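What's counted below: heavy atoms across the whole structure, side chains too, no hydrogens, waters or symmetry copies. Every value quoted in this text rests on a predicted model; they were computed, and no experiment measured them. Along the sequence shown, the residues carry numbers beginning at 1.
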Amino acid sequence: LERHVCPSGPVALGEQLRSFARGLAGQPGGVATGEAGARLVRIATGAVPIAAPARPRVAVIGGGIFGATCAIELSRIGEVTLFERHDALMTEASTLNQWRHHTGFHYPRSYDTVREILASRAAFEAEYGAALDRSGPAYYCTSTTGVEIPADRFLAACRLHGLPFEIVAPPADLVDPSRVSVCVRTDEAVYDMDRLRDVVRHRLRDAAVACHLGTAVVGARLDRAGRKRLTLAGHGSRGEATFDYVVNATYGGRNLLARWLGLPMAPLRFDRFEMLSLRLPVARASVTVLDGPFTTLIGTGPGNRFLLAHIHASVACSAIPDDGLPPAWPPPTSNRANILRHSVRYLPILRHAADVESVWATRAVEAFARDFDARPTVVTAHGFGCWSVLGGKIVTCVSNAREIAEAIAIEQGHGAHRGE
């Protein structure tokens, strides 16, 4: 699990100096160019000391579940402003996903991801448990032709992590039993997205977070005191605002802040991902067939509505852009026929699918991760009072927000921000 933990000492130049030193030594992750060195000298010689404010001004960029949760947690120690470019919260990656409340079953080949989920779950459910829908059963099956994740390996991984499950017969109204080797009923829930948005809005209001919807952050620079001057654009106007700390929680825009400030960026792979929203004549339930390849059908709401995704057929295209930012995709061409064709082999109920619609999302993951199956949340401390968050799983958003809040509280000399 790659996690960038925020340092407890001075951070203004620490991360950049360490990166420069790694570059000189030829170590991975180092940047030792003439431009980087000159920039370090300019910042160090141009800085002027200022007293740390009692209540620092904190900007959070991005109004998804990760950004909103960061804003809520940071409001305990500072004056927080949340910027969201859309006119509503949680309109992109927070909603354009499979709505699965991960409890560990989805990653039998990535123990680090399972451990991160288990370590984060209690904190998330304490804050957002009211938005979990447990009204339908959730099943995981292994394919009879599976090689990477056969039944014995899947069950061994579940038992190793202490995941609660019950081996059951495959649900006859959904699954072809001749194509699966084992079926387990799990404790996995589904997010009620409308309820989750309501909880987030109420908590932001109670935390007195200043929410600027319809306002995009389009640039940033450091002043001589190390404060961050953000350039804002919204509803036909532009302006600037100054902050002591900035958290970039824009998911696909993970590299935006680093790019504006000339900081090291992380190579990202972007996938254009197609899910199918459809109606089925069965009660709400969720089924994932592992190594079939991965096929997932999740009940998402009233009216017998489901989301369907396939690990290969759902990926329309992928790219690793040189600038680290989401590519400008061409107009999408649906692959729904193949998504259904591959998935119906395991889920014959799909022959009765009606009102099929495409739901498009852009997925961002680390481009050259050692663990191909891992989906960690990566919190990057850039130095200069700046962080970026690449959300892996919604369930980790509370623990990740608390990491950043703890780091700022320590830097401000206040100790643990929650009295821990």
Side-chain angles (χ1 to χ4, degrees), residues 94-108 113-114 117 121 124-125 128-129 131-143 146 149 154-155 157-158 163-177 179-196 273-311 313-314 339-340 342-357 359 361 375 393-395:
S94 297
T95 297
L96 299 176
N97 60 72
Q98 296 176 41
W99 298 14
R100 183 198 312 272
H101 179 54
H102 283 277
T103 57
F105 294 95
H106 203 70
Y107 295 97
T113 303
V114 177
I117 290 168
R121 182 179 173 184
F124 178 90
E125 292 183 0
Y128 297 121
L132 297 179
D133 189 330
R134 302 184 185 276
S135 62
Y139 303 97
Y140 274 79
C141 305
T142 55
S143 170
I149 314 172
F154 175 63
L155 294 175
C158 294
L163 305 183
F165 66 89
E166 177 188 6
I167 298 177
V168 298
D173 56 344
L174 297 173
V175 179
D176 181 348
R179 291 189 178 274
V180 301
S181 50
V182 72
C183 176
V184 301
R185 182 167 175 159
T186 76
D187 64 344
E188 202 170 77
V190 175
Y191 297 122
D192 181 327
M193 283 298 174
D194 290 334
R195 198 180 306 167
L196 184 57
F273 195 75
E274 181 182 17
M275 297 173 287
L276 300 184
S277 174
L278 46 84
R279 199 179 304 280
L280 294 173
V282 291
R284 174 185 289 196
S286 299
V287 182
T288 297
V289 181
L290 302 171
D291 204 10
F294 272 83
T295 300
T296 296
L297 180 71
I298 295 183
T300 57
N304 303 93
R305 206 75 198 176
F306 290 78
L307 274 174
L308 175 68
H310 185 274
I311 191 172
S314 285
I339 295 173
L340 287 166
H342 286 297
S343 301
V344 76
R345 297 174 60 237
Y346 293 95
L347 305 172
I349 186 63
L350 293 172
R351 295 191 182 97
H352 304 284
D355 301 328
V356 181
E357 301 173 356
V359 178
R375 291 295 182 268
K393 294 287 163 281
I394 288 176
V395 68

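At distances below 3.5 Å, not a single donor-acceptor pair connects side-chain atoms of R100 with backbone N or O atoms of V190. With hydrogens and angles ignored, the 3.5 Å screen pairs a side-chain donor or acceptor of N304 with a backbone N or O of V282. Looking only at distances, no side-chain donor or acceptor of D291 sits under 3.5 Å from a matching main-chain atom of P293.
In this structure, CE on M193 lies 7.0 Å from OG on S94, to the nearest 0.5 angstrom. The distance from the NE2 atom of H106 to the NZ atom of K393 is 7.0 Å, given to the nearest 0.5 Å. T186 contributes atom OG1, which lies 9.0 Å from atom CG of L163 (distance to the nearest 0.5 angstrom). For the atom pair L290 CG and S143 OG, the distance stands at 9.5 Å (nearest 0.5 Å). Rounded to the nearest 0.5 angstrom, I117 CD1 and H102 NE2 are separated by 6.0 Å. Separation of atoms CH2 (W99) and CD1 (I298) is listed at 10.5 Å; rounding is to 0.5 Å.
In this structure, V359 and L96 have side chains that are in contact, with non-hydrogen atoms separated by less than 4.5 Å. Put simply, the side chain of L340 reaches to within 4.5 Å of the side chain of L278, judged on heavy atoms. A heavy-atom distance below 4.5 Å is found between the side chains of L280 and L297. T295 places none of its side-chain heavy atoms less than 4.5 Å from the side chain of H342. Inter-residue side-chain proximity for V289 and Y346 is flagged as met; some heavy-atom pair is nearer than 4.5 Å. Side-chain atoms of D192 and L132, non-hydrogen and from C-beta on, never get closer than 4.5 Å to each other. Between L155 and V184 there is a side-chain heavy-atom pair separated by less than 4.5 Å. Here the side chains of Y128 and H101 are not in contact, with every heavy-atom distance at 4.5 Å or above.
Smallest separation of non-hydrogen atoms from C183 and P170: SG-CA, 3.8 Å. The two residues L350 and S343 come nearest to each other via the heavy atoms CD1-CB, 3.5 Å. The two atoms that bring N97 and L307 nearest to each other are O-CD1, 3.5 Å, heavy atoms only. The minimum heavy-atom distance between L308 and L347, with the atom names listed, is CD1-CD1, 4.5 Å. In plain terms, the two heavy atoms of F306 and R284 that are nearest each other are CZ-CA, 4.1 Å. Smallest separation of non-hydrogen atoms from R195 and A131: CD-CA, 3.8 Å.
Side-chain contact check for D187 and T103: at least one donor-acceptor pair (N or O, by modelled atom type) lies under 3.5 Å. Judged purely by distance below 3.5 Å, without hydrogens or angles, the side chains of R305 and S277 pair a donor atom with an acceptor atom. Y139 and E188 share no donor-acceptor pair across their side chains, judged by distance under 3.5 Å alone.
Two rings, from Y191 and F124, have their centers less than 6.0 Å apart.
Exactly one of T288, V287, I311 qualifies for a side chain to side chain contact (heavy atoms under 4.5 Å, CB included) with T296. That residue is T288.
A salt bridge links E125 to R134: one of the charged nitrogens lies within less than 4.0 Å of a carboxylate oxygen.
Between F154 and F105, the two ring planes are tilted [angle within 30° to 60°].
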